[in-house]
Amino acid sequence: MTSFKGRLLFALITLIFLVLIGLGIIIGELVKSYYLNALHSRIEKEMNIVINQTEQEPSFAELRSVLFDELSEVLETRITILTEDTDVVYDSGQAVSDIDHNQMMTEINSSLPDTDDGIVRIPADDSNFYYISSVETGSESGYVILAASFDNLEDVYRQIWLILAITLGAAMGMIIYIGARITNQYTKPIESATEVAIQLAKGNYKARTFEDRADETGMLSNAINILARNLQEMVSEQSVQQDRLRTLIENMGSGLIMIDKQGYIVLVNRPFLNFFHSRIEDVLNESYVDVFKNVQVNELAEEVFLTEQRVRKQILIEETFPHKHLEVYGAPIIGERSAWQGIVLVFHDISELKKLEQMRKDFVANVSHEVKTPITSIKGFTETLLDGAMHDQGALESFLSIIAKESDRLQMLIQDLLELSRVEQQGFKLSLKQVDLADILEDVSVMMAHKASKKNAQVRLDIQRPLIIEGDADRLKQVFINLVTNAITYSYPDQDIVIRSEKVKEHIQLQFIDQGIGMEQEELSRIFERFYRVDKARSRNSGGTGLGLAIVKHIIEVHNGEIKVESEPEKGTVFTITLPIHMNK
């Protein structure tokens with residue numbers, strides 16, 4: 001696209017060119033006319049000289065040919081004198097260019113002027129002219145004819161046009177130069193302002209134009225710059241607000257989805273996609289009816305659309321694993337002048353709350369059950385003794401032995417509950433010092449050797465030395481004893497328990513490996529819960545309280561460590577503990 005400057009300069013140059021061409025043509029014609037009139041005036045003066053000389057002669061018959069020959073030569077003209085009857089009494093005989101003199105004389109004889117006409121000019125062509133005038137000599141009348149040839153007229157015209165062309169060309173060059181300077185001076189601010197306006201339209205709000213003039217173009221540049229600054233501030237503020245809103249929406253922890261009035265999803269955040277294991281390209285700009293596979297969610301959205309009222313419901317999403325409990329809050333979006341815009345749905349994940357609630361219920365039920373069993377036994381055997389069984393020495397010893405055993409079990413349960421309570425307290429502190437895990441594991445293997453021998457097994461150590469970390473030796477020994485005890489309890493006979501170690505960067509990794517009964521995959525996430533047992537009958541017969549792994553997990557977490565479990569039914573279990581070498585890392 002041609003620039004404004006180019007178009008303006010082209011129009012100006014075209015106008016100047018046309019004006020100068022017209023002026024040149026006018027001046028050329030004026031100069032040509034002036035020059036030709038000057039020649040004609042000169043010839044007419046020469047004609048008067050010839051006429052005066054002719055009138056001084058006594059008669060046409062007595063003309064002095066020599067005198068007229070000299071005049072013809074001096075005046076560079078052909079002089080012809082005719083009588084009144086058009087008889088030629090004198091002719092200097094000089095050739096007039098390529099003109100047929102006889103033919104011209106014939107034409108002249110047919111239209112001789114009257115005595116009152118003065119000097120009559122007849123053009124033979126563009127550069128040859130015949131001048132005719134009546135004359136009287138003595139008592140005779142006749143005519144004097146001068147034939148003049150302007151052979152250099154074309155050269156004169158050419159010089160005139162050359163001078164005009166040079167003069168007008170120089171004038172046009174100067175005018176173009178000055179015009180370009182003036183055009184540039186006035187169009188540059190406009191072009192700059194136009195370019196800035198284009199950049200602003202493209203979204204580049206940092207663009208600015210120059211403000212170096214105090215006239216209207218300067219005012220335009222100043223106004224453009226003020227507009228650009230205002231737009232930049234507005235966009236920056238809007239960008240900050242959008243970033244804040246986007247950050248809030250993406251990190252709010254709750255799933256959010258916005259549906260327009262046609263039922264298409266126009267906004268969705270990351271938590272929502274995580275809740276439903278969806279991709280944004282499969283959700284955005286799609287109908288909510290096609291996206292929501294859960295009937296309850298669809299019904300809630302339809303209810304908000306129909307009633308235009310806020311709705312809150314708790315739903316269970318069974319399409320995901322594990323199942324999620326969500327509290328869904330739906331509300332209509334009403335714009336200006338009560339314009340219906342759509343609805344917004346917010347999904348709060350309350351799965352952990354439901355899980356904690358269930359755990360609390362299970363905990364209360366389990367504690368009640370675990371406490372009830374030994375108390376019932378103690379109470380039952382005590383009542384039996386009081387009813388008279390105490391007098392039977394054999395029954396007395398047997399019943400008292402059972403009462404003592406159930407009392408120990410009740411005491412162990414209470415101790416584990418107190419221990420778990422202390423470990424889970426927020427202000428629980430460790431007695432930190434440099435400890436060698438190898439020494440602790442060695443002690444544990446010795447302590448558990450007798451128990452392992454009952455299954456014709458042993459605790460084998462496949463560890464490096466030393467394994468020095470910063471930790472609480474007593475608590476870590478408690479962890480290791482618990483894990484080894486579980487490994488022995490749930491292992492098959494003749495299967496050794498293996499403990500391995502590995503240093504991974506700034507951490508120590510320990511593995512407790514058994515070849516026991518193992519666990520199903522869905523049970524692995526729950527084994528650290530209080531009172532959870534994989535095989536409840538066998539676990540209770542083993543004498544455990546179901547709190548050991550919960551205590552283990554909390555002790556490891558207090559050490560800034562991590563515990564994981566891998567297991568398959570009938571293939572054994574591997575507990576992996578990762579502990580940092582330094583607690584502050």
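In this structure, Arg465 and Asp439 have side chains that are in contact, with non-hydrogen atoms separated by less than 4.5 Å. Looking at Thr578 and Val504, their side chains never come closer than 4.5 Å, going by heavy atoms from C-beta outward. Under the 4.5 Å side-chain criterion, counting only non-hydrogen atoms from C-beta, Gln296 is not in contact with Leu300. Looking at Ile499 and Val484, their side chains come closer than 4.5 Å, going by heavy atoms from C-beta outward. For the pair Phe292/Leu345, a side-chain contact is recorded, criterion being any heavy-atom separation below 4.5 Å from C-beta on. Contact of the Val346 side chain with the Val328 side chain is not registered, since no non-hydrogen atoms from C-beta on lie closer than 4.5 Å. At least one side-chain heavy atom of Tyr288 sits under 4.5 Å from a side-chain heavy atom of Asn298. With contacts defined as side-chain heavy-atom distances shorter than 4.5 Å, the pair Gln434/Glu470 qualifies.
In this structure, the side chain of Lys455 engages the main chain of Thr489 through a donor-acceptor pair within 3.5 Å. A donor-acceptor pair under 3.5 Å is absent between the side-chain atoms of Ser445 and the main chain of Val459, judged by distance alone. Here the side chain of Ser236 pairs no donor or acceptor atom with the backbone of Glu233 at under 3.5 angstrom. Judged purely by atom type and a 3.5 angstrom limit, Ser287 has no side-chain atom pairing as donor or acceptor with the backbone of Tyr264. Using a distance-only test at 3.5 Å, with no hydrogens or angles considered, no donor-acceptor pair links the side chain of His348 to the main chain of Gln314. Side chain of Asp496 to main chain of Gln458: a donor-acceptor pair is present (N/O by atom type, distance under 3.5 Å, no hydrogens or angles). Checked by atom type and distance alone, the side chain of Lys451 never pairs as donor or acceptor with a backbone atom of Ile488 at under 3.5 Å. For the pair Asp514 (side chain) and Thr573 (backbone), a donor-acceptor distance under 3.5 Å is present.
Screening Leu476, Leu510, Val446, Asp436 against Leu441 for a side chain to side chain contact (heavy atoms under 4.5 Å, CB included) leaves a single residue, Leu510.
Taking all atoms of both residues into account, the shortest heavy-atom contact from Met447 to Lys477 is SD-CD, 4.5 Å. The heavy-atom pair separating Ile469 from Pro580 by the smallest distance is CB-O, 3.9 Å. Closest approach of Gly518 and Ser567 over heavy atoms only: CA-OG, 3.2 Å. Residue Leu579 comes nearest to Gly561 through the heavy atom pair CD2-CA, 4.3 Å, listed as atom of the first residue, atom of the second, then distance. Nearest heavy-atom pair, Ile556 versus Ile563, reported as atom, atom and distance to 0.1 Å: CG2-N, 4.1 Å. The two residues Ser491 and Ile497 have their closest heavy-atom pair at OG-CD1, 3.3 Å.
For residues 256-266, no pair satisfies salt bridge (Lys or Arg N to Asp or Glu O under 4.0 Å), with sequence neighbours left out.
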Go through the steps to decide whether Ile259 and Val266 satisfy the test side-chain contact (heavy atoms from CB on, under 4.5 Å), and finish with yes or no. CA-CA 6 Å; Ile259 305 172; Val266 296; over 6 Å; no
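Gln241 CD: more than 12 foreign heavy atoms inside a 6.0 Å radius. Other residues, nucleotides and ligands contribute only 12 or fewer heavy atoms inside 6.0 Å of the CD atom of Glu566.
To the nearest 0.5 angstrom, Glu557 atom CD is 9.0 Å from Glu562 atom CD. The CG atom of Asn486 sits 11.0 Å away from atom CZ of Phe512, with the distance rounded to the nearest 0.5 Å. Interatomic distance, CG of Asp443 versus CZ of Phe480, reported as 11.0 Å (0.5 Å rounding). To the nearest 0.5 Å, the span separating CD1 on Ile265 from CG on Asp282 amounts to 10.5 Å. Put simply, CD1 on Ile468 and CD1 on Ile581 are 10.0 Å apart, with the number rounded to the nearest 0.5 Å. Here Gln495 contributes atom CD and Ile513 contributes atom CD1; the two are 12.5 Å apart, rounded to the nearest 0.5 Å.
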For residues 302-310, please give each side-chain donor-acceptor pair under 3.5 Å, one per line with the distance, not counting sequence neighbours.
residue, atom, partner, partner atom, Å
Glu303, OE1, Lys313, NZ, 3.3
Thr307, OG1, Glu303, O, 2.6
Thr307, OG1, Gln309, N, 3.3
Arg310, NE, Tyr329, OH, 3.0

